[in-house]
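The structure under discussion appears below in the form of structure tokens.
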Number of protein chains: 2
Amino acid sequence: MIGSVVGMEHQVLVVDDDPMVSDVVRRYLEQSGCRVRLAADGSAALAAVAAERPDLVVLDLMMPGLDGLEVCRRLRADQPDLPVVMLTALGEEADRVLGLEVGADDYVTKPFSPRELVLRIRSVLRRATGSAPDPAAPAMLADGELLADTGRRVARLGGEPVPLTVREFDLLEFLLRNPGRAWSRADLLKRVWGWQIGDHSTVTVHVRRLREKIEHDPAAPRRILTVWGIGYRYEPEVTAG
Amino acid sequence: MIGSVVGMEHQVLVVDDDPMVSDVVRRYLEQSGCRVRLAADGSAALAAVAAERPDLVVLDLMMPGLDGLEVCRRLRADQPDLPVVMLTALGEEADRVLGLEVGADDYVTKPFSPRELVLRIRSVLRRATGSAPDPAAPAMLADGELLADTGRRVARLGGEPVPLTVREFDLLEFLLRNPGRAWSRADLLKRVWGWQIGDHSTVTVHVRRLREKIEHDPAAPRRILTVWGIGYRYEPEVTAG
DNA sequence: CGGTCACGTCATCGTTCGGTAAGACTTCGT
DNA sequence: ACGAAGTCTTACCGAACGATGACGTGACCG
């Protein structure tokens, strides 16, 4: 059970030309307590946004006519605060960077688990509606000397700014949000990269690069620990609770 | 059973026409604390879901009669929240098929490592039960001073972390979940290693290594006891109450 | 058009793991 | 007490795994 978004019922506009997709998405969103409208193409989407004033738009990247990027740009021009979650396929040229560039608040790669999508949407909604302190999506993640400012997407180590790339920050953010537990490379690929399949060494390398930046001694990491035969685990400096 | 199992015991339905596969999967899942039901084909699966109300379904894609896709669709129509993990042979069709069309929550390609499958299943269950970012809620097996944290895959002896290898942890976990009775080496080979046949000395050696790490005096073990002529038995420090 | 940066991939290398074998030791039946 | 069967202990070695450095590509910038 996905559970309802606390407090109010949100209205979500789902824009996708494939009914197969939009239908599944709608069912899941409705289940989680959202009102849902559908639009099959870009211009319908723009019209629907004007008419319905949704709280969030789920936008497929590849569509006939106005594609997701273009729709997103026009939305941004008009309503910069309207949260947008992008749907992209793996094979598509545009990856997340492109999506984020035009101002999407999050993206989900196809094929995705509907559950995952709903979680992302809820997270974006929570952030967007600026609701009170939300333990599920704090803007600042801190552990001892290490601080991750998810708003500015900047990390600090004892006050000193640490330049992290997009991937590195995503990875760190995920680990900080899910500390203590051992995550397999496949898990990380899926939840940080949004890939269902892929080369596990990608994770290995990025963990290494991240360690290089946030561990005092990268050869003997104290935060991002290797769980042999399993994956990695973030060890909180300060034990929660 | 000793050891407060913090975190609930899930029921999982495994659907596969190949007993070879489903049997191994079942053993691993049971070892990791799930109750398991088997179904050999699609219609049996649907019946079992209706009758048993499992928390999660592991579904083979290729099956005679109703295949995994069809089963998944019908499940979705009825119970959109029931998590499904797909088993697929490495193939090209998998991506398109699996992502949206049927809404599987994850999939694992054959051949797979049973351990990886169990990790995925746990991961899906965790998300599904909505306890995602909760580092305090992994299943803990405890007996007196000894603690096995299955989330972190770390054991503790009186608070002090004890580094265990994958096999050692698996073995300990099994014994903690099945204390008090004697297990033959063949049993352990089957249920911990997933082997039907094999050298019994493998077990002997691993028990030795485990004792070395968790017994105060490995020469006079108080937890993992030898049952002469039979095998081994985990002796709970605290008698179940 | 170079130069830089991010990032995925690959090859290599050192480490760890874990199964096996062999000998020492203990238990048990006679 | 003796031999046989069972168990413990140690050492070894191939295989699996992770760390590391380097390369190729594409995006972005001057």
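In what follows, every chain begins at residue 1, and chains take the letters A, B, ... in the order their sequences are listed. In what follows, every heavy atom counts, from backbone to side chain, and hydrogens, waters and symmetry copies are set aside.
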Which of these, B:Arg208, B:Arg153, B:Lys213, B:Arg211, sits in a salt bridge (charged side-chain N to carboxylate O under 4.0 Å, His left out) with B:Glu168?
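Only one of B:Arg208, B:Arg153, B:Lys213, B:Arg211 forms a salt bridge (charged side-chain N to carboxylate O under 4.0 Å, His left out) with B:Glu168, namely B:Lys213.
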
How would you label the contact of B:Tyr232 with the nucleic acid (heavy atoms, under 4.0 Å): base, sugar-phosphate, or nothing?
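Contact class for B:Tyr232: sugar-phosphate only.
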
Applying a 4.0 Å non-hydrogen cut-off, can you work out what B:Ile230 is touching in the nucleic acid: base, sugar-phosphate, or nothing?
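Contact class for B:Ile230: sugar-phosphate only.
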
Applying side chain to side chain donor-acceptor pair (under 3.5 Å), name anything that partners [X], two or more places apart in sequence or on another chain.
X        : result
B:Arg156 : none
B:Asp199 : B:Ser201
B:Asp60  : B:Lys110

Using a 4.0 Å heavy-atom cut-off to protein, can you give one letter per nucleotide of nucleotides 19-30 of chain C, 5' to 3': B if the base is in contact, S if only the sugar-phosphate is, - if neither?
BBB-----BS--

Least distance between heavy atoms, A:Ala45 atom then A:Leu13 atom:
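Minimum heavy-atom contact is O-CD2, 3.7 Å.
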
Do B:His200 and B:Trp195 make the cut of ring centroids closer than 6.0 angstrom?
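No, they do not, as the ring centres are separated by 6.0 Å or more.
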
OP1 or OP2 of D:dT9 sitting under 4.0 Å from any side-chain N/O of B:Arg208?
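It does, given that an N or O in the side chain of B:Arg208 lies less than 4.0 Å from OP1 or OP2 of D:dT9.
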
At under 4.0 Å, does any side-chain N or O of A:Thr165 touch on OP1 or OP2 of C:dC7?
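Yes, such a contact exists.
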
Residues from residues 213-227 of chain A lying under 4.0 Å of DNA chain D - heavy atoms
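Within this stretch, A:Thr226 sit under 4.0 Å of the strand.
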
Atom [atom1] of [X] to atom [atom2] of [N]: distance rounded to whole Å?
X        : N      : atom1 : atom2 : result
A:Glu168 : C:dC5  : CD    : P     : 13 Å
B:Leu210 : D:dC8  : CG    : P     : 13 Å
B:Asp170 : C:dC17 : CG    : P     : 13 Å
A:Arg211 : D:dT20 : CZ    : P     : 7 Å

Residue pair B:Arg185 / B:Tyr232, side-chain donor-acceptor N/O under 3.5 Å
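Yes - a donor-acceptor pair under 3.5 Å links their side chains.
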
What's the closest nucleotide to the B:Arg185 side chain, out of C:dC17, D:dG21, D:dC8?
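Of the options given, the side chain of B:Arg185 lies nearest D:dC8.
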
State, with a plain yes or no, whether a side-chain heavy atom of A:Leu146 is found less than 4.5 Å away from one of A:Ile214.
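Yes; the side chains approach each other to less than 4.5 Å.
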
Output all residues satisfying ring-ring contact (aromatic ring centres under 6.0 Å, His included) with B:Phe174, sequence neighbours left out; order by chain, then residue number.
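Partners of B:Phe174 by the ring-ring contact (aromatic ring centres under 6.0 Å, His included) criterion, ordered by chain and then number, come out as B:Trp183.
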
